[in-house]
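Here is the structure we will look at.
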Amino acid sequence: MAVAQKIRYRWLDILRGAAVVNMVAFHFCYDWFEVFARQPGWYFLWPSRLWQQAICCTFILTAGFSAYLGRRALRHGLILNLCGLAVSAVTLLALPSEAVRFGILNLLGCAVLLVWLLRPALEKLPAAAGLCASLFLFALTRHLPEGYLGLLRLWRQELPAGLYRWNILAFLGLPGPTFTSSDYFPLAPWFFLFLAGWFFCRLARPRLDGFLPRLSCPPLEWVGRHSLGLYLIHQPVCMAVCLLLNI
């Protein structure tokens with residue numbers, strides 16, 4: 001059973017591994033162009049933003065998918081949150097201008113814990129309805145940290161400025177006026193994308209099992225299996241390479 005399950009879901013490691021490779025490449029470019037000021041403003045170019053959003057959406061969706069399959073959710077969620085807090089502490093001390101506050105590791109850790117707590121209720125919802133509702137809420141709250149709700153370009157509702165007074169609420173998607181973070185993923189909207197991955201697993205896993213087991217790419221599978229460790233070390237490596245190139 002253990003061997004069969006490992007083979008069956010190795011495609012998930014391939015997808016996660018591809019996202020990690022993309023992430024490392026993106027962060028190297030960010031460090032070189034933005035931190036080392038080789039091309040200030042590179043991050044705000046639309047191709048750069050599209051690349052960044054594709055990477056984080058892949059990570060969060062696959063994390064939600066894996067959360068439905070995984071066990072030891074409490075342990076996993078706590079580990080992710082501790083790693084996220086460690087990243088925040090290190091970046092705050094080493095490079096305050098690029099400090100990470102409530103980054104993607106804290107988002108994923110909190111999302112895993114929330115789904116663990118809510119799982120009995122979530123299991124009662126039809127998978128298709130849950131998937132549609134999650135995607136709708138993600139779209140609705142996509143710009144909540146920017147001060148408004150909206151649905152694509154069809155509707156927009158500005159929110160009261162009073163909701164954005166306190167930095168302590170930044171984790172909910174309500175950052176205060178002085179809040180900054182170089183890697184910011186609040187619960188709204190991103191928890192809803194995580195939930196979409198969770199419901200998608202419930203809905204589509206039987207169909208995916210039919211043809212995805214034959215996919216194989218050992219290097220990406222290895223990267224996908226070690227994604228957390230690689231995430232924790234990749235930025236120091238990228239910064240070191242940039243320092244060497246900048247000499």
Side-chain angles (χ1 to χ4, degrees), residues 18-61 84 86-108 138-154 156-159 161 163-167 169-193 223 227 230-247:
V20 170
V21 171
N22 255 309
M23 175 195 67
V24 173
F26 177 86
H27 282 162
F28 174 79
C29 291
Y30 178 87
D31 293 342
W32 184 247
F33 291 128
E34 295 287 348
V35 179
F36 284 80
R38 290 291 178 164
Q39 187 182 331
W42 172 87
Y43 177 73
F44 298 99
L45 299 174
W46 74 263
S48 305
R49 295 291 293 165
L50 182 62
W51 187 15
Q52 187 256 0
Q53 291 295 296
I55 295 167
C56 65
C57 286
T58 302
F59 261 120
I60 294 168
L61 281 169
V87 169
S88 296
V90 170
T91 55
L92 187 61
L93 292 172
L95 197 62
S97 64
E98 298 294 326
V100 174
R101 297 176 177 87
F102 209 83
I104 195 166
L105 290 183
N106 284 122
L107 164 72
L108 296 180
F138 174 69
L140 180 68
T141 61
R142 182 69 182 84
H143 297 284
L144 179 66
E146 299 165 38
Y148 67 94
L149 301 175
L151 290 174
L152 301 176
R153 297 179 182 272
L154 304 175
R156 173 170 171 153
Q157 176 63 53
E158 300 289 337
L159 295 174
L163 294 175
Y164 298 85
R165 290 181 180 176
W166 305 280
N167 288 343
L169 297 180
F171 76 101
L172 293 175
L174 303 170
T178 61
F179 178 81
T180 60
S181 178
S182 63
D183 183 48
Y184 178 46
F185 287 89
L187 288 174
W190 298 105
F191 175 62
F192 300 119
L193 190 63
V223 172
S227 57
L230 292 171
Y231 181 89
L232 293 173
I233 67 170
H234 84 281
Q235 269 291 35
V237 172
C238 288
M239 291 293 289
V241 172
C242 287
L243 283 170
L244 290 174
L245 293 175
N246 201 47
I247 295 175

How long is the straight-line distance from CD1 of Ile55 back to CD1 of Ile60, given to the nearest 0.5 Å?
11.5 Å

So Leu105 and Leu232, do their side chains get closer than 4.5 Å, heavy atoms only?
yes

In this structure, CG of Leu140 is separated from CZ of Arg142 (nearest 0.5 Å) by 12.5 Å

Can you check side-chain contact (heavy atoms from CB on, under 4.5 Å) on His234 and Val237, steps first, answer last?
CA-CA 5 Å; His234 84 281; Val237 172; 5.6 Å; no

Would Trp32 and Phe26 count as a close aromatic pair, with their ring centres under 6.0 Å?
no

Is there side-chain contact between Arg101 and Leu92, with at least one heavy-atom pair below 4.5 Å?
yes

Is the distance between the ring centroids of Phe179 and Tyr184 under 6.0 Å?
yes

Verdict with supporting geometry, Trp42 and Cys29, side-chain contact (heavy atoms from CB on, under 4.5 Å):
CA-CA 9 Å; Trp42 172 87; Cys29 291; 3.6 Å; yes

Nearest heavy-atom neighbours spanning Val100 and Ser182
CG2-OG, 3.4 Å

Side chain to side chain, Leu187 and Phe171, heavy atoms closer than 4.5 Å
yes

Mind listing the closest non-hydrogen atom pair of Asn106 and Gly84 along with its distance?
OD1-C, 3.5 Å

Quick one: pull up CD1 in Ile233 and SG in Cys238 and give me the separation to the nearest 0.5 Å.
10.0 Å

The reported gap from CH2 in Trp166 to CG in Leu172 (rounded to nearest 0.5 angstrom) is 12.0 Å

Take Met23 and Trp51 through the test side-chain contact (heavy atoms from CB on, under 4.5 Å) and record every step on the way to the result.
CA-CA 9 Å; Met23 175 195 67; Trp51 187 15; over 6 Å; no

Validation row: Gln235, Val87 side chains within 4.5 angstrom (heavy atoms):
no

What pair of heavy atoms forms the shortest contact from Ala188 to Leu144, and how long is it?
CB-CD2, 3.5 Å

Looking at every heavy atom in both Cys242 and Phe28, which two are closest together, and how far apart are they?
SG-CE1, 3.6 Å

To the nearest 0.5 Å, atom CG of Leu174 lies from atom CG of Leu159 at 8.0 Å

Quick check: do Ser181 and Phe102 have side-chain heavy atoms less than 4.5 Å from each other?
no

When you measure from the side chain of His27 to the backbone N and O of Val24, does any donor-acceptor pair fall under 3.5 Å?
no

Which atom pair, heavy atoms only, marks the closest approach of Ala19 to Thr58?
CB-CG2, 3.9 Å

In Å, rounded to the nearest 0.5 Å, how long is the span from CD1 of Ile104 to CH2 of Trp190?
8.0 Å

Ignoring hydrogens and angles, state whether a donor on the side chain of Arg38 or Asn246 is under 3.5 Å from an acceptor on the partner side chain.
yes

Looking at Phe44, is its backbone amide N or carbonyl O close enough to the side chain of Ser48 to form a donor-acceptor pair, meaning the two atoms are under 3.5 Å apart?
no

Test side-chain contact (heavy atoms from CB on, under 4.5 Å) on Gln39 and Leu45; report intermediate values, then the result.
CA-CA 11 Å; Gln39 187 182 331; Leu45 299 174; 3.8 Å; yes

For a quick check under 3.5 Å, do Glu98 and Tyr30 share a side-chain donor-acceptor pair by atom type?
yes

Is there a donor in the side chain of Arg49 and an acceptor in the side chain of Tyr43, or the other way round, less than 3.5 Å apart?
yes

Contact check, side chains of Leu243 and Phe36, non-hydrogen atoms, under 4.5 Å
yes

Do the side chains of Phe59 and Leu61 get nearer than 4.5 Å, heavy atoms only?
no

Residues Tyr164 and Pro177: closest non-hydrogen pair is O-CD, 3.2 Å

